[in-house]
Every structure is written in C-alpha cells, then in structure tokens.
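It should be emphasised that the depicted structure is a prediction, and the values quoted were computed from it without experimental measurement.
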Amino acid sequence: MLKKIFLSLFVLFAFQLAVAQKKINVKVVQDTLTDLQTPNLVNKIENYKLLIDRNNFLLKKNYDLTGIEKEVPPIEKGISGFKNKFDSLSKNMNIRNLNSIIILLEEATEKLDTYQKKLADYQKKLNDSNTEIDKILVDKDLNISISDSVLNEQVHELLVDAKNLQYQQKKILSSVNFWNSKVSVCMYQTNDLVSDMTYMGIAKKMDMFSAEESSLFSLKTKAYKNSLYTVVTNSLTSSFKIVTIYLKSRTGVIIFTLFIFIGLTFWLNYNLRRIKKQEDSATILSLSNLIKRSMWLSSIFCFLTYMPLFFGNPPMSFLHLFEFARIIVLYFLIAPFINQPFKIVWTGIVIIWTGYAIDDLLLESAYGERMLLLFLGIIMIFICVFLLKSKEKFFRILEESPVARALIIFVLFQIIISVLCNITGRLTLAKTFGITALQCLVYGVVLKVFCRIVIEAIYLQTETFQSSRISEYINFKEIQYRIQRNLWILACMAFFVGFVRSLGYYDLLMKFSSNFFYEERAIGSYKFTLASVLIFFIIIWISSLISGFINFFFGYEKSITEGKRNGLNSMMLLVRLAIYSVGFLIAIAAAGIPLDRISIMLGALGVGIGFGLQNIINNLVSGVIIAFERPIQIGDQIEIGTKAGLVKEIGIRSSKIHSADGADIIVPNGDLLSQHLINWTMQDRRKRIEFIIGVPYDSDLEAARTVIAEELSTNPNISKSSAPGININDFGESSVRLKIHIWVDDLSLASEARTTAMIGTKKALAQVGIVLETAI
C-alpha cells in the first residue's frame, strides 16, 4: 500500500518536473532573439532613434522659458506693489489713479493669459513626448537576449538615450509646472485686484456728485495730511513710473510712429529744398506759414498729435505727458502768428492748462490744491469772457472757425461748473470739469493747426511737382480741396473721443458701443449684428472712396483745357469696376453673410433685371465694352446724334461730354455703342474744313486759284503738311463755285482757321479785281 502511494507521488512529481522544464525551455526560447526577429528589431531601433532625435531637437528649440522667466517676476512685483498701494491708500485714490492702475493691470492680465496658454501648450507637448519615450523603455523587444554584440550595443545606447531624454523632459516639465503655478497665482491676484478697483471706481463715480470734502469757506489746513508740494511730488513720481511701465510693452507702436515721423520729416524737407531752388520760392512759401516757420517744429507737433491715437486706452498720465510736450511745441510754433493782444491770453491758457493737468494726476487732495483750482478757474472765466467780447482775430494765419464762439461758451460753462463744485466740496467733479474745459479749448486749437499743417504740406507737394510729368496725371489741387473736408470730419471725431476720455467715460463708451454693435439680432431665421452691417457698408464706402480718388487722381481737367487725349483715364474704368467688385466680395466675407443667401438674392434680382432693369444693365455692360474696346477716350472730340463735345468722363453707367456751350451732357453708355459715333480725335487731332466761294464767269479761274493758294500758304493756322485743295465745285446761275479744302493740325483751331482763311481769300481776290458773288 505504501509502495503504491510513494509510486504515485513519484509519478506526479516527475510529471510536474517535466512540465516545469518544458516551460523553462519555452521561456528561454522566447527570450532569445531569432534570425527572423532581427530585421524587425533593426527597423524598430532606427525608428526609435529618429523619434528620440526629433524629441531632443524639439526639447532644445521649442521650450524656451527665457521670456517668461524674465517678464513674470517684474509683473509679480508690480502686482504686489499695486496691491499694497491699494490696501494702504484705497480711500484716498481718485478715479484717474484707479483707471491708470486698472489699465496697467489689464495689460498684465493679457500678458499672463498669453503666458498661461503658452505654458499649457508646453505641458501638453511634453506629456505627449514623455508618453512616447515611456513606450520605448517598456518595449519587450528591447529586453530580450541578443547574441549579436553590435546590435546589443545599439539597443543599450538607445535605452540610455531614452532615459536621458526622459530625465530632461521631466526636468523641463517641472520648470514649466513651476512657472505655470506662478502665472496662475498672478492671474488670480490681478483679476481680484482689478475687480476691487473697478468696484471702488464705480462707487467713487456714484459718490462724486455728493460733497466729498468740506466747502471751500470752511476749510482747515489740519484736515489734510500732506502739503501741496509733497502731494505733487509724490504724484508726479508715481505718474512717471506708470508711464514707464506702460511704454515698456509698447515698443512696437513707438517704433511704428517714429517711422511715420521720419517719413513725414523727410517728405517736408525734400519738398522745401526743391521749392527753395525755384525762382518764385518766396511767393510759394508765403502761403505756407507754419512749415516755413519751422519744418522741425511742424513735424514734431504732428507726431505728438497723431501718436496718442495709436494707443487704445492709455493712462491719463501718459496722455498728459504727450499733451504737455505738444502744447509747448505748439506755443513756439504759432507764437509769431498770434495777434499782440492775445499773446498774453495764450500764455495764460498754456499755464492754466499745465496747472489743471498736474492737478488731474494728484493721488490725494491738499489744502493748496483747492485754492489753486479756485484761482485758476476764476482766471479762466475772465479769459473766456474776454475772448467772447473781443472782435479781433486770434490768429493771423488761420481763418475764423464758425464753431469757435460756441466752443468758448462750452468751455466757459464747464469752468463755471468746476468752480462751483470746488466751492461746495465736490473735488472730483471740479477737477474733471476743469481739465475737460481746458482740454476742449486746447484740443480745438491743436486740431485746427494740425489740419492747417496737412493742407500746407499738400500745397507744397503741389508746387513741388507742378512742372513734373506726374502733375499731368495726378490732380494735387483737387486732392487738397477734397482732403480738407475729410480732415475736419476726422478732427471732429478725434475731438469727441478726447472729450469723452477727459471726462473719464471712455471705457463706458467702448463698452456701450461693443454691446450695441455686437448684440445678435434676427430677421426671420437670419441672425446678424449691427457691427457686421456696419462693416459691410464701411467697406463699400471705402471702395467708392478709392474709386472716387482714382477718378480724379488722373485729372481729366487738363485733357479738356489743353486738348490732350488721355487713354489712361479710360482704362481707369476697368480698375474702378474691379475695385467695386472686390470691395463687394470683401464686404460680404467681412460681414459674414452666407454665400447661399447671396445667390438667392441675386436670383431674385435676376427676375427684376430681366424686366425693369434692362436699360441699366445694358448701360453697365456697354461701359465694360467701352473700357475694353476703347472707341472713345478722355479728351476725345466726338459727335453722337445732335450732341457734340469733349469726352470729360467715362463712367460705369454713363459718360460726360463737355459741349462747346459749357454744358455737361450725360450720355448713357448704351447710346455710345448703339448710335453712330463720330470720333474726331481717335487717330490724331487733324481736321479738314471747307468753304465755298463764287467768282464771276469772266474771271480768270487759274489766276484766282493761284491767288487763293498764295494767300492760304501764309495763314499760320493752316497745316503746312497738307496743301489746300481749290477745286471747281459747280456752275451757278451768276458765278462759278469754288470749293476750298484746308487742314488744321489741331481741331480746336478749326473755327479760327476757317474764319481767317475766308477773310484772307476775300481780300486777296479783291486786290486783283475779283469781286466775290453769291455762291448759291
């Protein structure tokens, strides 16, 4: 019995041992590289090497944290400084100071948001790359026994490179995570601080209509912590820091505006040097007073005027800095052109504006500030009353503006409100209305002088190229007259923006405009915004404006007055059609109008075109045909039906013909192609004219012809290249009719040549005893 049990156990043990040995043999076979697996392993090693090399290259080139490491600490420090300042001086901070800090914080938020997106992208790329490297390290094919020593060494090097790359990736990822956490904390602090400051700014705007301080008559010096000198010093120091921080992130805009300044200066200097070489330079420059006064001051003044417009919503300290530089340059630029009684007034306005601008930047109020505001306000009231009562011109070189008196009354109204608010303790309103009043007055003068400089620059350009071939095509005077109107429109818009910005409601205006124009509206199933509609019409308007400029840039006036044929103007019709077509397509794309709806609309219009718009479409297509075939051009002398004259303009739908009577005849383009058209100047401007005379039957006809030929040869109006033709036309009842043909080189001389030829012929025949008789 025991033997059977032992035998059974032995058999079972032997069986298990055999199974285990079989598994070991299988495993050894599986862990040993076969000849069939070698090529696959070699390909895999090559692919992994390429993957590691690519990730190594990207790791060195695509994960640059230098900019973030350099920019984030100053931002972090600035946020901490603004937070400490807000915590300690929140009650004393005024609206201007709050707005300036909010602008800087919002710019910091934009930067931090950019950095956060960049770091998030880095994290994603590094994690994806790290996942790929992990797959290499855990690949079983790289952990088997390889008999080939070379291949084994390659596998070993591959795994070492993968581990090193993984280490570098984790190291950079750790740095990315560190800066991402810093950026996130800064973003949170910035948003929190902006929210608190915005809330406080709204509260101060709501409270500024109530008395913030004691009335002026019950003031006590002990109620104010610091003196006016200390407050001004601290405020200017803080404003300088704000401007410095703001400009650090505006290098590109500054460089761009400087390039404009250099180009403008070079342009003015070039024109001045060319004009000074002309004989009548003194007469020309007498009409360009400001640029002649100083080209550099004019250029710097223009630079200081347009540069702030390139900044969306800058801090008030930045604006006041540029406005101060601009008003100083303006003072020296226009000083020689101010009438004597007003020089003291203008000096006083500059000083008062400077006082109000500095007061607008103060971080806290002072006893001396209240008294200074009262003093400046009273002086400004007297100045406004003086300007309203005075009947003399303020400037000698600037024409009187019809809105000048209304502007002064508006300024006086604001100054009176400022003084009253100061007396009753509403200091914020007093400062706001005071600086706004001065800004309106000074900005009105600035824009007027700026427009005058632009007009003078265009005038100098006109005079510089008056003898150039360019002037044969470009109508500078027309540009000068037309641009003045557009300049005043832009000036009014700039004045309105400056007025709103000075009141402190620029953000509110932008927010209201954004909500109004970008609110989604619907007509039926079609949804749109007013912004898309406005963009559509603006692009169409710009297209028409460009087309209009092209229409007079290549001036047809000289073709008419000088009798020159201008084919370039005719070709401009195609350019104008292209501009309208491209502008329409761009307007559709910019407005976001679906093309399927446009096709439906065009299909509906096609029905109307087929019935009611036949003539209009005919004229439009005829205009295109005229532009390609060019049967007529600007300056051509044509006849169509009973109408005759010079082609003044070839339009898209109709053309203009300037008749000899001085009238402009509008001819549809369809008539120019469907009716018989006579073009006298298609090849050249030569024309044949004729007249008939009658000589008695007893006259010597050959002698008469000789006398007439000799007389016509001396006529300067008759062409010398073609001899006159003197032929017998018919035998009349009492005379022989002679028909005389003569040629003129320019058809504009035809009438004069015919008249002088007839008078000369009569005199010459009378001298030889031949009396003319009735030819008919």
Side-chain angles (χ1 to χ4, degrees), residues 71 74-75 78-79 81-82 85-86 93-111 190 193-194 197-198 201 231-261 300-330 350 353-364 428 431-432 434-436 438-440 442-443 446-447 450 494-510:
E71 295 292 336
I75 294 175
I79 294 171
F82 287 138
K85 184 177 182 180
F86 180 72
M93 294 178 73
N94 54 29
I95 295 176
R96 298 287 197 209
N97 194 249
L98 286 172
N99 287 339
S100 298
I101 295 177
I102 288 174
I103 290 170
L104 295 178
L105 289 175
E106 287 178 345
E107 289 187 355
T109 303
E110 292 178 1
K111 282 188 177 181
T190 304
L193 196 55
V194 168
M197 287 188 172
T198 303
V231 172
V232 169
T233 304
N234 294 337
S235 300
L236 291 181
T237 303
S238 177
S239 298
F240 179 76
K241 291 180 180 179
I242 290 174
V243 172
T244 304
I245 295 172
Y246 181 77
L247 290 179
K248 279 184 179 179
S249 59
R250 294 292 186 277
T251 307
V253 179
I254 295 172
I255 293 175
F256 176 72
T257 53
L258 285 175
F259 271 117
I260 297 178
F261 168 73
I300 293 172
F301 171 77
C302 291
F303 169 74
L304 295 173
T305 301
Y306 67 73
M307 184 181 182
L309 299 177
F310 286 88
F311 299 87
N313 185 25
M316 194 57 66
S317 52
F318 170 81
L319 288 177
H320 285 338
L321 176 64
F322 272 84
E323 287 162 356
F324 176 74
R326 183 175 61 206
I327 199 172
I328 296 300
V329 173
L330 177 64
V350 172
W353 179 91
T354 305
Y356 271 106
I358 293 175
D359 180 75
D360 192 46
L361 301 176
L362 299 185
L363 302 179
E364 55 182 305
T428 302
K431 295 168 66 171
T432 302
I435 187 61
T436 303
L438 267 296
Q439 289 282 66
C440 288
V442 172
Y443 212 45
V446 165
L447 292 175
F450 177 79
F495 180 86
F496 175 74
V497 172
F499 173 71
V500 174
R501 180 180 282 168
S502 183
L503 283 176
Y505 291 102
Y506 181 81
D507 290 335
L508 184 63
L509 175 65
M510 292 296 103

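Rounded to the nearest 0.5 Å, atoms CD1 (Ile328) and CD1 (Ile300) are 13.0 Å apart. In this structure, CG in Leu319 is found 10.0 Å from CG in Leu361, a value given to the nearest 0.5 Å. Remark: Glu323 CD to Leu438 CG distance equals 11.0 Å, nearest 0.5 Å. Distance CD/Gln439 to CD1/Ile327: 8.5 Å, rounded to 0.5 Å. Between atom CG of residue Leu236 and atom CG of residue Leu321 there is a gap of 10.5 Å, rounded to the nearest 0.5 Å. Note: Thr305 OG1 to Tyr443 OH = 7.5 Å, rounded to the nearest 0.5 Å.
Met307 and Ile254 get closest at one heavy-atom pair: CE-CG1, 3.9 Å. The two residues Tyr356 and Gly434 make their nearest non-hydrogen contact at CE2-CA, 3.6 Å. Smallest separation of non-hydrogen atoms from Thr109 and Thr190: OG1-CG2, 2.9 Å. Of all heavy-atom pairs spanning Asp360 and Lys431, the tightest one is CA-CE, 4.2 Å. Counting all heavy atoms, side chain and backbone alike, Leu304 lies closest to Arg326 at O-NH1, 3.4 Å.
Listed by chain and residue number, Phe318 satisfy the ring pair (Phe, Tyr, Trp, His ring centres under 6.0 Å) test with Phe322 (two or more places apart in sequence, or in another chain). Take Phe303 and apply the ring pair (Phe, Tyr, Trp, His ring centres under 6.0 Å) test, not counting sequence neighbours, and it matches Phe261, Tyr306.
Between His320 and Trp353, the ring planes lie perpendicular to each other; the angle is over 60°, past the 30° to 60° tilted range.
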Intermediate values then yes/no, side chain to side chain contact (heavy atoms under 4.5 Å, CB included), Asp359 and Ile435: CA-CA 9 Å; Asp359 180 75; Ile435 187 61; over 6 Å; no

